[in-house]
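So the structure is just underneath, and the comments pick up after that.
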Amino acid sequence: MRKKLVVLLMVSVLGFTGCGPSLAKEVKELVKQEKPQKNETAQEDEKPQENETLQGEAEAQETTVREDEDVSDDGQEAAVLKKGGSYTWQEITVTFPENWADKCLIMENETGFSVYQKASYEKENGMGFICGFSRLEEAVYYGCGETMLGYTDDGVFYYINRPTDVPCDISQESIMNEYTEMSAQSDEVEESARFNVPGIHYDVEEYIIPSSSICLLQQEMLYSMSDNDLWIAKNEIYARHGRKFGNDYLQRYFNQCSWYQGTIAAKKFDDAVLNEIEKKNVELLSEAKKEYARKHPYPKKYQVGETVREDLDGTGTYNEIRYQVNELPDWNYECLLTIDGETYAVGEVAGIWTPCEDRFYVTDISEYDETLEIAILDYGPSDDLVTYFFKYDGDLYYLGLVEGFPFAEENGGINGFDGYGNITGQLRVDLIETAETEGQWRYNGTIDYQETGWHKYIPKRSHILYENLPVYSKMDETSVMKTIPAQNEVFFMGTDLTEWILVKGKDGSSGYMRIVDGKITALNKKADGVFSDLYYYD
């Protein structure tokens, strides 16, 4: 029965999101299968004393969320949301905005409920899917619209499902605009979701694989994961048990997680504390990481001054490569790259400032072509790390640069190459203090910077928050406000590089803070009076 429910849920997602070939037809067939129920709380005989609060909410709901039964063309009954407010399906409770009244329908099924825009649904049964909430007894990682919101230690998982396209009526602009507005507000609905079960975990976003301590992983679940995610997913199993890490990146990464309390030194940690599921998952993740390395042998590090052999141009013939750095008077350098006996002065082409004198790399940025690249490292004028890339096909070409050193050995274990032409480097930002964030570059004949609009902070240190901090749910000062309470550990998690920073407390609270001229707008105070240890570097 469990597998049947999982399949039903995912068919629902696929149909509503347009992943299938015929949206209207698939949705119609799905609606015929659904069995809507009246909105009820969990039965008392299932949870005799724990549901008094839930029942009270359901009774209150009769006055705040009145529903009429609409009969669709398929004879299916759907609930019309008459007022905004809380809505409860068994142990799942969400809150809808007031302006959704008379604009949406709610369809219940065996695993949860789905929410539709009423105007689109009336045009075509099943159209107008906005979101759905579901309870399953096994984790699913299909990557087609579902996001885990919470889970219990006994293996119950709660999801929100969203469309991956716009499945609304597009014949009327007013309906499209209404759908767009409701879809945007669904973020607030998601954030309001609460699950009335003991021991619920809401910290799923802080894990690569939230279920790895209670569910056996399968190889097919790991195929699409990067080596970075495999590495962190393995170590988060240890981190759950309080292990500390000798690797600085891992230690800083887990310090930011609200659930992590590092108490056991790495050398004193005993794997015997892992349960049998965790032990098997560690083994599977370790093997997956090794398999990834076997399939992706690049980047390869070589020593400056040695002669190496690589097939740079994909012709099946090895090229002899030698990179040499000669120090000149007045702190100048001569950087020479010799390939098959011909020498190129690459320092003049790339403008290398302070070259790394002991190592260089051969990379395979994109698996879509058969060529390799040569990567030269430069420390810059003041540790402004830069990597320059060159291509050879009988002649040498300069491809471009990436800020930072995007190599696992240089990055505490994080590999900046995904193998598909994307490179993750480092950007320096001085919005609230001098820090490093991730930046994205793309190789498509040349290497060019890609502005994504959002940049993750590279894990570093925490700050003391001296007072309660008002923050926004979105990068918008008209969005819902909440408060991060004063505490000893808060972290900067990401930024748009111009005025917004995502702040997260060790207690798990988080939100967006706007900075203008060094002031936090919500407090009208200078940031260095609100946070400790803010430094600007030359």
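What's counted below: heavy atoms across the whole structure, side chains too, no hydrogens, waters or symmetry copies.
Here E306 pairs with nothing under the side chain to side chain donor-acceptor pair (under 3.5 Å) rule; sequence neighbours left out.
One distance of note links OH of Y397 with NZ of K391; it measures 9.5 Å at 0.5 Å rounding. Separation of atoms CG (L336) and CD (E348) is listed at 8.5 Å; rounding is to 0.5 Å.
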With salt bridge (charged side-chain N to carboxylate O under 4.0 Å, His left out) as the criterion, how do E410 and R359 come out once you've worked through the C-alpha distance, each side chain's angles and the decisive distance to 0.1 Å? CA-CA 11 Å; E410 316 286 342; R359 62 198 184 279; 2.7 Å; yes
Go through the steps for F245 and F254 under the test ring-ring contact (aromatic ring centres under 6.0 Å, His included), then give the verdict. CA-CA 9 Å; F245 298 89; F254 288 119; 5.2 Å; yes
Checking side chain to side chain contact (heavy atoms under 4.5 Å, CB included) for the pair N281/I209: CA distance, chi angles, key distance, verdict? CA-CA 11 Å; N281 286 341; I209 305 179; over 6 Å; no
Would you check, one step at a time, whether the test salt bridge (charged side-chain N to carboxylate O under 4.0 Å, His left out) holds for R162 with E190? CA-CA 10 Å; R162 296 180 184 274; E190 173 184 344; 2.4 Å; yes
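Counting heavy atoms from C-beta outward, S473 and E191 have side chains that approach closer than 4.5 Å. In this structure, the side chains of Y361 and K300 stay at 4.5 Å or more apart for every pair of heavy atoms. Within the 4.5 Å cutoff, side-chain heavy atoms of Y223 are placed close to those of E220. Counting heavy atoms from C-beta on, the side chains of Y512 and I501 never come closer than 4.5 Å. In this structure the side chain of F531 reaches within 4.5 angstrom of the side chain of V490, judged on heavy atoms. By the 4.5 Å heavy-atom criterion applied to side chains, I447 and R442 are not counted as neighbours. A heavy-atom distance below 4.5 Å is found between the side chains of C335 and Y323. Side-chain contact between L222 and L230 is present, with at least one heavy-atom pair separated by less than 4.5 Å.
Looking at E367 and K295, no side-chain N of the basic residue comes within less than 4.0 Å of a carboxylate O on the acidic one, giving no salt bridge. Using a 4.0 Å cut-off between charged nitrogen and carboxylate oxygen, R294 and E291 count as a salt-bridge pair. Using a cutoff of 4.0 Å between basic side-chain nitrogens and carboxylate oxygens, D384 and R428 are scored as salt-bridged. A salt bridge links R514 to E499: at least one charged side-chain nitrogen sits closer than 4.0 Å to a carboxylate oxygen. Salt bridge status for K456 with E436: absent, with no side-chain N to carboxylate O gap under 4.0 Å.
Under the 6.0 Å cut-off for aromatic ring centres, Y379 and F405 qualify, their centroids lying closer than that. In this structure, W353 has its ring center no closer than 6.0 Å to that of Y333.
Each of Y457, F492, Y535, F491 was scored for a ring pair (Phe, Tyr, Trp, His ring centres under 6.0 Å) with H463, with one residue passing: F492. Just one residue in the list I414, L377, N415 forms a side-chain contact (heavy atoms from CB on, under 4.5 Å) with F407, and that residue is L377.
Looking only at atom types and distance, the side chain of N411 has a donor-acceptor partner in the side chain of Q426 under 3.5 Å away. At a cut-off of 3.5 Å, with distance as the only test, no side-chain donor of E278 or S212 sits close to an acceptor on the other residue.
Here the closest non-hydrogen pair linking Y249 and N247 is N-OD1, 3.0 Å.
A donor-acceptor pair is defined here as one N or O able to donate and one able to accept, closer than 3.5 Å; no such pair exists between the side chain of H455 and the backbone of D496.
For the pair K474 and Y472, the cation-pi criterion (under 6.0 Å, within 45° of the ring axis) is not fulfilled.
Sorted by first then second residue, the ring-ring contact (aromatic ring centres under 6.0 Å, His included) pairs that include residues 422-447, not counting sequence neighbours, are W441-Y449.
Between Y207 and Y151, the angle of the ring planes goes over 60°, which puts this pair in the perpendicular group of the 30/60° scheme.
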